[in-house]
Amino acid sequence: AVGRLGSITFWWRARSGWNGAANYLFDATTQAGRFFYLGKRNNSRLRFEITDNASTPVPLAADPANHAIAPNTWKHVAVTWRIVAGTNATVLNVYLDGVLAATASGTTSGQLNASLGSLYVGDNRSAVSNGLTGSPTSADGTIDEFRIYPRTLTAADVQSVMAETR
């Protein structure tokens, strides 16, 4: 299960340029409006989004700037999260090739929604749970060295993992 603190790192090589279709890279969402996913939007931006367990969920998303990445180019992607109650205490980070590309902070309940399921890598959960073998928004490429950590990695940790798995 996804916890209140954590990090995910991996390498991704998309078969098409980042300015094309949207792609899900991982997803644990099982209930509408209760998110935990990382995707690449069709505007060439990654988006890491979560919601808390409040009765009216508080969404929080880290959106890096657009990246013009050529097809078949390996990129190291990392996300970190710390879900803590308190004013702007919850923090999400997105790293691209070891460099902090986006950060978001917000006020949440301090808990992720209990409806989150197993983490699906390379597509959204609904593509698999509906009996499909993939969807038009799959990762459309290769994911390698996928790692999950039960703690929030520092920038130095992310750079170390990137160098270690290169």
Side-chain angles (χ1 to χ4, degrees), residues 1-54 56-67 69 74-83 90-97 101-106 108-153 158 161 165:
V2 176
R4 290 180 39 242
L5 305 172
S7 303
I8 295 174
T9 67
F10 60 95
W11 288 91
W12 179 41
R13 182 179 67 192
R15 291 191 309 166
S16 54
W18 279 30
N19 60 345
N23 306 101
Y24 275 94
L25 302 175
F26 64 74
D27 185 19
T29 305
T30 62
Q31 183 180 357
R34 302 289 185 159
F35 305 115
F36 187 92
Y37 74 90
L38 174 67
K40 188 221 24 106
R41 299 165 70 188
N42 60 3
N43 62 1
S44 304
R45 290 181 179 211
L46 294 172
R47 181 178 184 87
F48 179 40
E49 184 171 14
I50 63 100
T51 51
D52 67 1
N53 72 343
T56 301
V58 175
L60 185 61
D63 292 290
N66 295 3
H67 288 88
I69 308 298
W74 282 105
K75 300 308 271 180
H76 188 262
V77 180
V79 297
T80 68
W81 64 93
R82 185 185 75 215
I83 315 299
T90 293
V91 178
L92 307 179
N93 291 310
V94 178
Y95 294 84
L96 189 58
D97 290 335
T103 190
S105 61
T108 66
S109 67
Q111 296 291 325
L112 288 168
N113 189 273
S115 72
L116 295 179
S118 302
L119 192 67
Y120 278 60
V121 178
D123 211 338
N124 64 64
R125 289 183 58 89
S126 64
V128 178
S129 62
N130 290 333
L132 303 173
T133 57
S135 76
T137 58
S138 71
D140 190 33
T142 304
I143 293 176
D144 195 19
E145 298 287 343
F146 194 92
R147 296 180 176 192
I148 303 171
Y149 299 88
R151 63 186 177 89
T152 303
L153 296 178
V158 169
V161 169
T165 58

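Scope of the values below: all heavy atoms of this structure, side chains included, with no hydrogens, waters or symmetry mates.
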Can you tell me how far the [atom1] atom of [X] sits from the [atom2] atom of [Y], to the nearest 0.5 Å?
X      : Y      : atom1 : atom2 : result
Thr51  : Tyr37  : OG1   : OH    : 10.0 Å
Leu112 : Phe36  : CG    : CZ    : 6.5 Å
Asn66  : Arg45  : CG    : CZ    : 4.5 Å
Ile69  : Asp97  : CD1   : CG    : 7.0 Å
Leu5   : Tyr149 : CG    : OH    : 15.5 Å
Asn113 : Thr30  : CG    : OG1   : 7.0 Å

Looking at [X] and [Y], what are the two nearest heavy atoms and their distance?
X     : Y      : answer
Pro64 : His67  : CB-CE1, 4.0 Å
Ala61 : Ala104 : O-CB, 3.2 Å
Arg4  : Gly110 : NE-O, 3.0 Å
Ala28 : Val2   : CB-CG2, 4.2 Å

* For side chain to side chain contact (heavy atoms under 4.5 Å, CB included), just list the numbers for Glu145 and Val161, CA-CA rounded to whole Å, side-chain angles, deciding distance to a tenth of an Å, and then say yes or no. => CA-CA 10 Å; Glu145 298 287 343; Val161 169; over 6 Å; no

Indicate yes or no for a side-chain donor-acceptor contact from [X] to the backbone of [Y] under 3.5 Å, with no hydrogens or angles considered.
X     : Y      : result
Thr9  : Ala78  : no
Trp81 : Thr90  : no
Arg34 : Asp52  : yes
Arg13 : Thr142 : no
Ser7  : Arg151 : yes

* With no hydrogens and no angle check, do the side chains of Gln31 and Ser115 hold a donor and an acceptor under 3.5 Å apart? -> yes

* Structure fact -> From the list Ile83, Thr29, Leu38, side chain to side chain contact (heavy atoms under 4.5 Å, CB included) with Ile50 holds only for Ile83

* **Qualifying residue for side chain to side chain contact (heavy atoms under 4.5 Å, CB included) with Tyr95, from Val79, Thr103, Thr80, Val77** => Thr80

* To do: If the plane angle is over 60° it's perpendicular, under 30° parallel, otherwise tilted; pick one for Phe10 and Phe146.
  => parallel

* Asked: Are any non-hydrogen side-chain atoms of Asn93 and Phe48 less than 4.5 angstrom apart?
  -> no

* Asked: Going by heavy atoms in the side chains, are Tyr120 and Tyr24 under 4.5 Å from each other?
  -> no

